[in-house]
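Report on the structure given below.
Counting starts at 1 for both ligands and their atoms, following the listed order.
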Amino acid sequence: MEVIKNRKILQDFIERQKEMGKRIGFAPTMGALHKGHLSLYEEARKENDLVISSIFVNPTQFNNPEDLEKYPRDINRDILILENSGLVDAVYIPEVSDIYPEKTESRHYDFDGLEDEMEGKSRPGHFDGVGTVVEELFRQVQPDNAYFGEKDFQQLAIIKKMVEKKKLPVNIKGVPIYRAENGLALSSRNQRLQDNRKEASTVIYQTLKKVNDWFRTVTIPEIKERVTDIFDQQQGMKLEYFLIADEKTLKETDFFYKDRSFRAFIVVIVDGVRLIDNMHLD
Ligand code: PAF
């Protein structure tokens, strides 16, 4: 596996691959790799000649400096995971100046309102930061296909929208949420949870499954009350938001419509760690 640590070397590498007509699959990450990331590479492996990942903790997408500071980083461990997986041909680990040659700040995007919902309300500026880094990485890596987890469903929708609006030559592929055996959605942030808190956090997945059972037989306001009650009873957990939204517009709904698809979205703070999850409602 090639470990590429600056933009110039990446450029030469990509040029060589393009000359050979290689189809590039790309999965950008912020490191602290886990099996969820490996599932992205597995998908990429199936559909491309070459799989590239990147590791870059993007400062502009953190609206909370403490969250940025506490974000888990262990580059040697990550490289080892990538090597051992046998799924990745090259990893790009840029410096901040490779992504932000002038000022470390985001561009402003219009994602047709998708950015105003959920995470956009809770984390102002977050999606401008994501758009900026992903667009820049796409320009540098020039992938044919790029892979993103459905755990960050809003991020996935926003990246699809950016690619559509900017007519970027890349296909965006969503990969289903990878869950631990107990149902907890895998996330780099889980590393900050004690083992007993990880176990307790499975209530998030269990609640989403209940919501799916209640869906279409219980009204949405009533479902929201039930979810609030569940989390009121959990020690050390705070429900930041729970809502049901249209999968396309991401707009919250209080009513079901037969011909549209819906998804439940939830954010819970467990011992100061912000856990996010979602589930398509059947
Ligand atoms: O999902 C992530 O890990 C990040 O938001 C991404 C897409 C790598 C951009 O920094």
In this structure, NE2 of His126 is separated from CD1 of Ile158 (nearest 0.5 Å) by 7.5 Å
Start with the C-alpha distance between Asp116 and Lys121, add both sets of side-chain angles, then the distance that settles salt bridge (Lys or Arg N to Asp or Glu O under 4.0 Å), and finish with yes or no.
-> CA-CA 6 Å; Asp116 299 329; Lys121 286 186 187 134; over 6 Å; no
Which pairs pass ring pair (Phe, Tyr, Trp, His ring centres under 6.0 Å) with one or both residues in residues 8-37, sequence neighbours excluded?
-> His34-His37
N/O pairs closer than 3.5 Å, ligand 1 and protein:
unit_1, atom_1, unit_2, atom_2, d
ligand 1, 1 (O), Gln155, NE2, 2.9
ligand 1, 5 (O), Gln61, NE2, 2.9
ligand 1, 5 (O), Gln155, OE1, 2.7
ligand 1, 10 (O), Gln61, OE1, 2.6

Among residues two or more places apart or on two chains, list those pairs meeting ring pair (Phe, Tyr, Trp, His ring centres under 6.0 Å) that have a residue in residues 195-245.
-> Phe215-Phe256
Would you list the pairs meeting side chain to side chain donor-acceptor pair (under 3.5 Å) in which at least one residue belongs to residues 147-158, sequence neighbours left out?
-> Glu47-Tyr147, Asn48-Tyr147
Mark yes or no for whether Arg45, through its side chain, and Leu87, through its backbone, hold a donor-acceptor pair below 3.5 Å.
-> yes
